[in-house]
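Data first, discussion second: the structure below is written as structure tokens.
Just follow the structure's listing: the first ligand is 1, and inside any ligand the first atom is 1.
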Amino acid sequence: FMMLTKKLIEIRSILLSIDHNETLKLPSIVVVGSQSSGKSSVLEAIVGHEFLPKGSNMVTRRPIELTLVHTPNSDEEYGEFPQLELGKVHDFKQIQRTLTDLNMAVSDAECVSAKPIELRIYSASIPDLTLIDLPGYIQISNRNQPETLKIKIEELCDKYIQEPNIILAVCSADVDLANSTALRASRKVDPMGLRTIGVITKMDLVPPSAGAAILRNSEYPLHLGYIGVVCKAPDDVDGNMTSALIRNEENFFRNKFEFNQRGVNVGTATLRRKLMNVLEQGMGRSLYSIVDAVQKELEEARYQFKVQYNDRRVTAESYVAETMDSLKHNFKEFALLFGKPQVRHEVRTMLEQRVLDICAETYWSDPKVSDLPKAASDDIYWLYKVDLASAALTKSGIGRSTTQLVVDILMNNMERLSAGEPFNYHSETRKQIASFTSEILRTKFLTTSDQVENTIKPYKYEVEVTDLEWQDGVKRTVALLEKELEMCDSMGNNIKNAVGKTKLRGAIKFLLDSEREDQRRQERVRQQQQDGNTEPYIEYASLSDEEEAIKPLYNPKLLEKAREALFLRDRAMILKYRIAALKSRQCKTQENKQYCPEAFLNVIAEKLTYTAVMFIQVELLNEFFFQFPREVDNRLVYELDRQQIQRFARENPSIMKHLDLQERKGKLEDVMDKLNYLVRKQADRQARAKMG
Ligand code: GDP
């Protein structure tokens with residue numbers, strides 16, 4: 001029979017989960033009364049538990065929106081704070097502490113806040129009701145409770161006692177009703193008392209005849225009437241407080257004829273029944289307006305869903321699946337393109353660079369290098385040098401560096417794959433991808449680099465080269481040096497363009513002159529020392545006027561550039577000689593490799609490249625290509641629970657919007673179905689009532 005309230009409370013919590021907007025309003029019972037009128041005691045008597053904050057210092061500072069849910073088939077009793085993530089709270093003392101904390105979080109200065117606390121209580125022994133407890137009206141302002149506070153409380157209460165809410169005006173029996181702030185406020189918005197119930201507390205404090213007179217309601221009539229209660233347990237309570245309370249009240253009213261007359265309503269049980277009835281009727285009246293409001297919201301949601309998404313549904317699960325599929329797809333494409341030839345190219349480029357570095361260090365900076373083509377074939381200096389250079393290449397930690405090179409390339413590419421849409425929204429997932437990529441690669445790193453190092457070991461002692469390999473090597477080396485030469489030239493030109501041709505020439509001349517001057521000076525010092533002259537060579541400390549004049553032209557930066565240009569010029573010259581040497585007959589065969597160290601090193605580099613890549617391919621790449629997609633599935637798909645999937649999908653703002661609207665529409669449809677059912681029931685009931 002109380003179905004409507006129950007169903008509508010369910011509906012309200014669904015509506016609250018999609019938005020807190022106030023258009024979808026269902027009636028609640030609003031409890032108003034002066035401080036100490038016994039408001040809390042009445043509420044607790046209705047719920048049958050002590051759970052409200054106690055104390056004299058304005059303990060109710062925020063509205064408490066209390067939803068009571070009747071759970072007939074369960075002996076579990078608990079509360080829930082939907083705004084906090086506390087779960088079920090079975091201990092009512094704990095509920096009381098939480099409410100106290102939430103209220104006290106409002107500062108003394110602010111004192112009252114309009115932000116409601118939501119609390120739901122589930123129990124088999126409570127009716128389905130929605131109650132709102134408000135801060136008590138204060139009578140007199142004093143230093144701690146200024147006039148503004150009084151107004152603040154009244155405004156807050158005024159907001160809640162509007163339609164369609166039902167007003168529970170709590171008045172103490174020992175205070176003249178004429179002085180009741182609650183009744184005065186209610187009369188303003190509900191003059192006939194059509195939705196106001198008067199609750200007279202502390203009936204034990206006045207003589208029964210006086211009490212009964214109040215309840216008969218002749219002075220300030222309310223359509224819904226007054227109910228008298230006693231909500232104070234006897235002083236000698238031990239054990240169950242609520243049953244003591246009920247017994248006390250029953251004892252009080254039972255044997256007094258004043259309270260056993262028509263038109264006199266007493267007792268908490270009566271109050272409960274009354275509240276249920278009145279709320280159910282209020283719900284009945286609100287039903288149609290709620291149906292209208294929900295219908296409107298639903299139509300809007302459907303329209304938006306059609307317009308924005310063409311009625312296409314998404315789920316968080318499908319989004320995760322699609323996103324990871326596209327990642328794996330892109331990965332597959334990368335894996336197809338990054339085969340042996342590409343790896344070889346990368347490794348070769350790195351080793352060629354190393355060859356150039358070694359040549360520059362061992363040969364091109366050696367002033368004697370221009371004599372190399374004319375050196376005797378058994379010249380120990382050059383024979384030794386070529387061995388040194390090839391050892392520098394083969395013993396430079398090829399295993400580690402080539403493996404590291406490929407690892408870096410893979411890491412970079414995985415980062416690139418996970419950088420585009422929609423991964424830009426999923427930074428946590430990106431980090432995860434980077435972390436398991438490096439994890440897979442790390443587990444393969446040592447074995448791969450050891451394998452490579454082992455297999456190139458023979459080259460550290462001897463390199464056998466076929467004629468074909470040699471010719472090929474020479475050709476590649478010439479090309480390599482030509483490229484290097486080109487680079488020297490272009491860098492030299494850049495400097496020339498930046499500094500200016502004439503200025504650069506002047507600076508270079510200055511450098512060369514002072515270099516020559518330095519040499520001369522050293523020569524003179526040596527000469528003097530040889531001559532046995534102990535007098536130190538005297539430098540002229542001051543510069544000539546001419547020198548003084550040009551000095552500022554050559555600032556350190558310019559000289560630095562000039563030095564660089566000079567170096568590039570020398571290097572270019574050496575490279576030209578070396579290219580010529582490599583192209584000469586001397587380098588046609590490998591016989592006298594000491595004449596063509598660049599080519600020899602390059603041939604070795606090519607052999608190292610082939611060998612290294614072969615093992616990197618088997619030990620690292622194939623393994624990685626096999627493992628990566630599996631890790632994507634394991635870590636980013638299978639391992640996620642529902643909540644993580646939701647969170648992931650909602651990181652993408654457009655998916656979040658889509659999901660929200662879809663969910664809103666779904667819930668509104670669900671609510672609409674439920675409401676339609678209620679409307680039909682209600683119509684049936686009314687038809688039956690008419691016939692009966
Ligand atoms: P609130 O400030 O309106 O919430 O009032 P409370 O419920 O805290 O009650 C104020 C005081 O009145 C407390 O000391 C209660 O014990 C006392 N009180 C409440 N109901 C009754 C009652 O029915 N009879 C008597 N004698 N005292 C009551």
Quick check on the 6.0 Å ring-centre criterion: do Y319 and F648 meet it? yes
Straight-line distance of I14 CD1 to L668 CG, nearest 0.5 Å: 9.5 Å
What's the separation between atom CD in E300 and atom CG in L661, rounded to the nearest 0.5 Å? 9.0 Å
Within the 4.0 Å heavy-atom cut-off around ligand 1, the contacting residues, ordered by chain and number, are S34, Q35, S36, S37, G38, K39, S40, S41, K202, D204, L205, V230, C231, K232
Test log, rule salt bridge (charged side-chain N to carboxylate O under 4.0 Å, His left out), inputs R650 and D660: CA-CA 9 Å; R650 284 174 175 280; D660 278 349; 2.7 Å; yes
Quick one: CG on L66 to OG on S28, what's the gap to the nearest 0.5 Å? 9.5 Å
Does the structure place the NZ or CZ of K256 under 6.0 Å from the centre of the six-membered ring of F252, at an angle of no more than 45° from the ring's axis? yes
